[in-house]
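See below for the structure under consideration.
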Amino acid sequence: AHSSVAEVSPTPAPSPTPLAAPPSPTPAPDPLGPPPANAAEARNGLQLLLGPTAFAEPCPPALVSKWKVACATGDVDGDGLPDTAWVVPLHPPAPRSPAPAVVLLRTAASQEIEEFAQDGSADTSPAGISLFGLADRDGHPGAELAYVITRCAATICTATARIQAWDGAAWRDIGPGDDGLPALASATFDGAGAASELILTGGILDPAAGPTRLTTRAYAFSDGRYRLVRTDHGPSEYLYHAVLDADALFAAGKFELSIAAYTALINHAQLKDWKKEAGHGDGRPALEGYARFRIAVATAALGLDPTEAIDAAIRDGKEQVFSIAAQEFRKGFQEHRTVIAGCASATRYLGTTGNGADNPAYIARLFDYGYANQPARTYQDICRLP
């Protein structure tokens, strides 16, 4: 007999325990976060990035790459330590200007970040960035903080330079106190210290705004702030601008020069008629008739016999309202032998209303050259003496 032996299956070798994968590194939190929508977010993000004390890197690369921040250093408080300013673009849900921003500044000794243009009116357009900086602009110890603010109305954005000076207790704006320049194209400083000149250039708007031309304003430091010292306009392409230039001479009492300027623009075919271009009728007869009337007034103001000039205004003018005004000027002038009396007589006629006539409204329409040229001339301006 054969003995039977049970067959036993071999036990498989245990599988090796897989090695645990090393844990993935936790990404470092981004201290900046998304670009800020308002000044508070900009200040808080910057404070978190820089820390509360003195910082070795005032303009970390992340600020430039992620937030598109521009940085400037200088000694604003005269303690010999470098202070830093930043202009930070903002991304509000409903921006009120094309390139809104806030300006932030922290001195080397301070833990607090100060805000300028907290409403987001600082400007990070190329012109705004070109003016931003910390440098001496008043000749006194300490650097001044310069930047541009831009505010927009329904149709025009106007830029103004701000120059903040620290007086030991508070910030004081020593920049221009005027209404600014529309459509800023460039903003620069020429020179250093109190000899600096602030140069703003702009003024070119869409043709629908009316005739516009390049304007340059220069400001110099005087009596504690930057004040307008000259305004230069680009060459006159439009007849309307030639009238404005002649009017400026008249208003300055430069009657001989104004007569030459008014005479030059009459029948100057190369000067463009904006009203005609814009489909608002022919504006040339009114502006040339006005120029002829002003030649007569300027001639009388020089103490010369205005008879020939008055005759020319009546005879050659193609806008009746100024031909009649010239007749009225002659009446007043002949009766009282003064230019003031002549202008008073002319202005009474120009201000006539009633019986279907409304000369003030008619004159306002003649001088309506778009929203870029407001306020327009009124009937009281036609014979206004300097």
Side-chain angles (χ1 to χ4, degrees), residues 236 238-268 271 273-275 280-369 373-386:
S236 299
Y238 287 94
L239 181 62
Y240 180 74
H241 291 147
V243 168
L244 293 185
D245 291 343
D247 281 351
L249 295 169
F250 185 99
K254 299 176 181 179
F255 296 118
E256 288 186 9
L257 293 176
S258 73
I259 290 171
Y262 287 125
T263 301
L265 66 86
I266 294 170
N267 298 322
H268 193 318
L271 292 170
D273 180 358
W274 176 81
K275 287 209 171 189
H280 300 316
D282 191 352
R284 194 175 297 276
L287 294 181
E288 291 185 353
Y290 168 78
R292 287 186 166 93
F293 173 80
R294 297 276 277 192
I295 289 171
V297 176
T299 301
L302 285 169
L304 304 175
D305 182 359
T307 300
E308 185 177 340
I310 293 173
D311 287 345
I314 297 170
R315 180 186 66 246
D316 300 331
K318 295 181 176 61
E319 173 49 63
Q320 186 178 27
V321 72
F322 297 123
S323 296
I324 297 176
Q327 296 175 35
E328 295 299 319
F329 177 81
R330 177 172 9 225
K331 290 178 184 177
F333 181 77
Q334 288 180 339
E335 184 174 349
H336 298 283
R337 307 308 300 176
T338 68
V339 181
I340 292 175
C343 277
S345 178
T347 303
R348 277 194 299 272
Y349 159 70
L350 294 168
T352 300
T353 58
N355 296 324
D358 190 343
N359 286 351
Y362 180 72
I363 290 167
R365 288 194 297 273
L366 292 180
F367 285 93
D368 181 2
Y369 274 79
N373 295 290
Q374 297 295 329
R377 294 285 190 278
T378 71
Y379 78 95
Q380 294 173 313
D381 299 320
I382 305 304
C383 203
R384 189 185 299 278
L385 295 170

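Here the structure is a predicted model, which means the values were calculated and not measured.
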Would you call the rings of Tyr369 and Tyr240 parallel, tilted or perpendicular if under 30° counts as parallel and over 60° as perpendicular?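 Plane angle under 30°, so parallel.
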Under 30°, 30 to 60°, or over 60°: which ring-plane class applies to Phe329 and Phe333, parallel, tilted or perpendicular?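 Plane angle under 30°, so parallel.
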Sequence neighbours excluded, every pair satisfying salt bridge (charged side-chain N to carboxylate O under 4.0 Å, His left out) that has a member inside residues 290-315: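 Passing the test, one end in residues 290-315: Asp247-Arg294, Asp311-Arg330.
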Among residues at least two apart in sequence or on other chains, which ones pass side-chain hydrogen bond (donor to acceptor under 3.5 Å, both in side chains) with Glu319?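 Glu319: side-chain hydrogen bond (donor to acceptor under 3.5 Å, both in side chains) contacts with Tyr362.
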Return the set of residues passing side-chain hydrogen bond (donor to acceptor under 3.5 Å, both in side chains) with Ser236 (not counting sequence neighbours), or none when no residue passes.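 Arg213, Asp245.
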Restricting to pairs with a member in [range], which pass disulfide (SG to SG under 2.5 Å), not counting sequence neighbours?
range	answer
residues 286-324	none
residues 319-358	Cys343-Cys383
residues 296-334	none

Check: [Y] and [X] side chains under 4.5 Å, non-hydrogen atoms:
X	Y	answer
Arg284	Leu265	no
Leu385	Val339	yes
Phe250	Val297	yes
Leu257	Tyr262	no
Gln327	Tyr349	no
Ile266	Ile295	yes

Looking at [X] and [Y], would you say the former's side chain and the latter's main chain have a donor-acceptor pair under 3.5 Å?
X	Y	answer
Thr352	Arg348	yes
Ser345	Glu328	yes
Lys275	Leu366	yes

What I want to find out is whether Arg365 reaches Asp368 closely enough, with some N-O distance under 4.0 Å, to be called a salt bridge.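 Salt bridge: no.
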Atom of [X], atom of [Y] and distance for their closest heavy-atom approach:
X	Y	value
Ala261	Ala246	CB-CB, 3.6 Å
Ala313	Ala326	CB-CB, 3.9 Å
Leu239	Glu288	CD2-CG, 4.5 Å
Asp273	Gly283	OD2-N, 2.9 Å
Ala298	Ile259	CB-CG1, 3.6 Å

Going from CG on Leu350 to CZ on Phe293, what distance comes out if it is rounded to the nearest 0.5 angstrom?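 Separation between the atoms: 6.5 Å.
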With rounding to the nearest 0.5 angstrom, report the OH to CZ distance, Tyr290 to Phe322.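 Between atom OH of Tyr290 and atom CZ of Phe322 there are 7.5 Å.
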Gln334 atom CD, neighbour heavy-atom count above 12 within 6.0 Å: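 Check passes, neighbour count above 12.
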Counting only heavy atoms not in Leu302, do more than 12 sit closer than 6.0 Å to its CG atom?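 Atom CG in Leu302 is packed in, count exceeds 12.
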Determine, step by step, whether Ile382 and Thr347 satisfy the side-chain contact (heavy atoms from CB on, under 4.5 Å) criterion, reporting the C-alpha distance in whole Å, the side-chain angles of both residues, the deciding distance to 0.1 Å, and the verdict. CA-CA 8 Å; Ile382 305 304; Thr347 303; over 6 Å; no
Before you tell me yes or no, could you show the steps for Phe367 and Leu287 under side-chain contact (heavy atoms from CB on, under 4.5 Å), namely the whole-Å CA-CA distance, both residues' side-chain angles and the distance that decides it to 0.1 Å? CA-CA 8 Å; Phe367 285 93; Leu287 294 181; 4.0 Å; yes
